Number of protein chains: 2
Amino acid sequence: MATTANEDYIKTIYALESSGQRASTSRIAQRLDVTMASVTGKIKHLAAAGYVRHTPYYGVTLTPKGRKLALHTLRRHRLIELFLVKTLGLRWDEVHADAEVLEHAISDKVLERMYEYLGRPEFDPHGAPIPAEDGSIKELTGVRLSDLPSGARSRVLHVSDADGEFLRYLASIDFTIGTAFTLRDRAPYGGPLRIRIGRRELDIGPDAAERILVCPS
Amino acid sequence: MATTANEDYIKTIYALESSGQRASTSRIAQRLDVTMASVTGKIKHLAAAGYVRHTPYYGVTLTPKGRKLALHTLRRHRLIELFLVKTLGLRWDEVHADAEVLEHAISDKVLERMYEYLGRPEFDPHGAPIPAEDGSIKELTGVRLSDLPSGARSRVLHVSDADGEFLRYLASIDFTIGTAFTLRDRAPYGGPLRIRIGRRELDIGPDAAERILVCPS
DNA sequence: AACAAAAATTAGGCAAGCCAAATTTTTCTG
DNA sequence: CAGAAAAATTTGGCTTGCCTAATTTTTGTT
């Protein structure tokens, strides 16, 4: 029942719900790059199997069973990303696609070995929390860099793993997970944010700032 | 074109050819645990795609293209087995099933990283040679333990990875790849072979001895 | 050589996943 | 609120990969 396709749909629905969006047919279709017809068909199947509740012409919500599968898959994805970075030395911007495939292929046994090998980690290379085996997950209590008040001291908490180019950009300016910095000020009218990291000064565009989660400290 | 199913069929045909058996519909079906009808259908597809030549009512042979795919898949399988043993500490008897799945899922990039991480190894945990990237493979020049003359000094070269129980048995008597030993003698009428390893003496049944490849030295 | 058994193939069907095109429902807009 | 646009669904069709049952070909036996 938990095929590759099913897990991908469930993960997408979970991501939409987590970001406060309605899991509508069109949004699922867009994220998975399939047609709406395919989504409607799959939704019926997932509803019959008890993973989602479906309100026709509105969208779906995960059942507890669906939520559990989503977190199980997310745990696999994030552990695999971390393993690829830590063990094989891949960069944080190039592990997403591999993890997307391997999360459906690796056995529970191998996954638990990876978990132990990595020292029971809590976060993946992008700062995202790794769900526990029981399906519990730590919520990230951060704010968007774009919402940070001027003068605040903070550190980088999380960036999405989905956009490799953005990750390469952040790596190129050495603005990675855990980096401590001070927000000097922001230029008016959508101008860049001026950031100080130790002795180094940095400008970050407002669009980038919206995609970076930070932890005020 | 190189789907999971295709790669599994090609691997099976390669294994049959390598062991000098005709790759007939029935033998392929038996090894893959599918019906002969399924094999006939798949064979037509593989023949049309240029991986095999098909002689109806007789069997198939690999084309150079098919052989290349077989060796490519075998390389992946064996590297993954070794990686699981070396890096994650799995036992040699429990890696086959995982490798069987992962060989179809791991990207070339990750595989090459594993190859480098392992120090460009030449053999898998069961002594089988790992095909090179260009598809070349070292032939094992060994003899079956059952064919070894009495009194010969030798070492364990290779055992098949397919039978976990047999591998556990060999591990339990500490008769693993590379173990040096002397064949004392063999009991008549299909009796056991008496083996000496250092100071230790061991009896090995004739059926087991047929499945162990050794390297006289 | 003739017949039975074994091996192989063909024919027809099913499930998963996808698609395009047609239709229905909802939402938006003037 | 009426009509248009957008969203969702239905219908029918395609491919992969498997199955059972029926048929054909080969092989083995007397």
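Just so you know, these numbers come straight off a predicted model, no measurement behind them. As a basis for the values below, the full set of heavy atoms in this structure was taken, side chains included, without hydrogen atoms, waters or symmetry mates. To find a chain, count down the sequence lines: A is the first, B the second, and so on, and within it residues start at 1.
Between the CD atom of B:Gln30 and the P atom of C:dA7 there is a distance of 10 Å, given to the nearest Å. The distance between atom CD1 of A:Ile43 and atom C1' of C:dG17, rounded to the nearest whole Å, is 14 Å. Taking atom OH of A:Tyr58 as the reference point, atom P of D:dT9 lies 13 Å away to the nearest angstrom. Rounded to a whole Å, the CG atom of A:Leu46 is 12 Å from the C1' atom of C:dA16. Taking atom CE of B:Met36 as the reference point, atom C1' of D:dT25 lies 12 Å away to the nearest angstrom. Put simply, OH on B:Tyr9 is 8 Å from C1' on D:dG17, counting in whole angstrom units. Protein atom CG of B:Leu32 is 15 Å distant from nucleotide atom C1' of D:dC19, rounded to whole Å. Protein atom CG of A:Asp33 is 17 Å distant from nucleotide atom P of C:dG17, rounded to whole Å.
Here the CZ-OG1 distance, from B:Arg113 to A:Thr87, works out to 12.0 Å after rounding to the nearest 0.5 Å.
In this structure, A:Lys42 reaches the C:dG17 phosphate: one of its side-chain N or O atoms is under 4.0 Å from OP1 or OP2. Side-chain N/O atoms of B:Thr25 include one lying less than 4.0 angstrom from OP1 or OP2 on C:dT9. Distances shorter than 4.0 Å separate none of the side-chain N or O atoms of B:His54 from OP1 or OP2 on C:dA8. Using a 4.0 Å cut-off, some side-chain N or O of B:Ser26 falls inside it from OP1 or OP2 of C:dA8. A:Thr35 has no side-chain polar atom (N or O) that falls below the 4.0 Å cut-off from OP1 or OP2 of C:dA20.
With C:dA16, D:dT9, D:dC18 as the candidates, the nucleotide lying closest to the side chain of B:Val34 is D:dC18.
In this structure, B:Thr55 contributes its side chain and B:Tyr58 its backbone to no donor-acceptor pair below 3.5 Å.
Under the 6.0 Å distance and 45° angle rule, B:Arg211 counts as a cation-pi partner of B:Phe166.
Residue B:Thr40 is classed as a base contact, given a heavy-atom separation below 4.0 Å to a base. Within the nucleic acid shown, B:Ala37 comes within 4.0 Å of at least one base atom, counting heavy atoms only.
In this structure, B:Leu167 and B:Asp163 have side chains that are not in contact, with every pair of non-hydrogen atoms separated by 4.5 Å or more.
Residues A:Tyr57 and A:Ser38 both approach DNA chain C. Their nearest nucleotides, taken by heavy-atom distance, put A:Ser38 toward the 5′ side. For B:Lys44 and A:Pro56, each mapped to the nucleotide of DNA chain C holding its nearest heavy atom, the one lying further toward the 5' end belongs to B:Lys44.
By the 30° and 60° cut-offs, the orientation of the rings of A:His126 relative to A:Trp92 is parallel.
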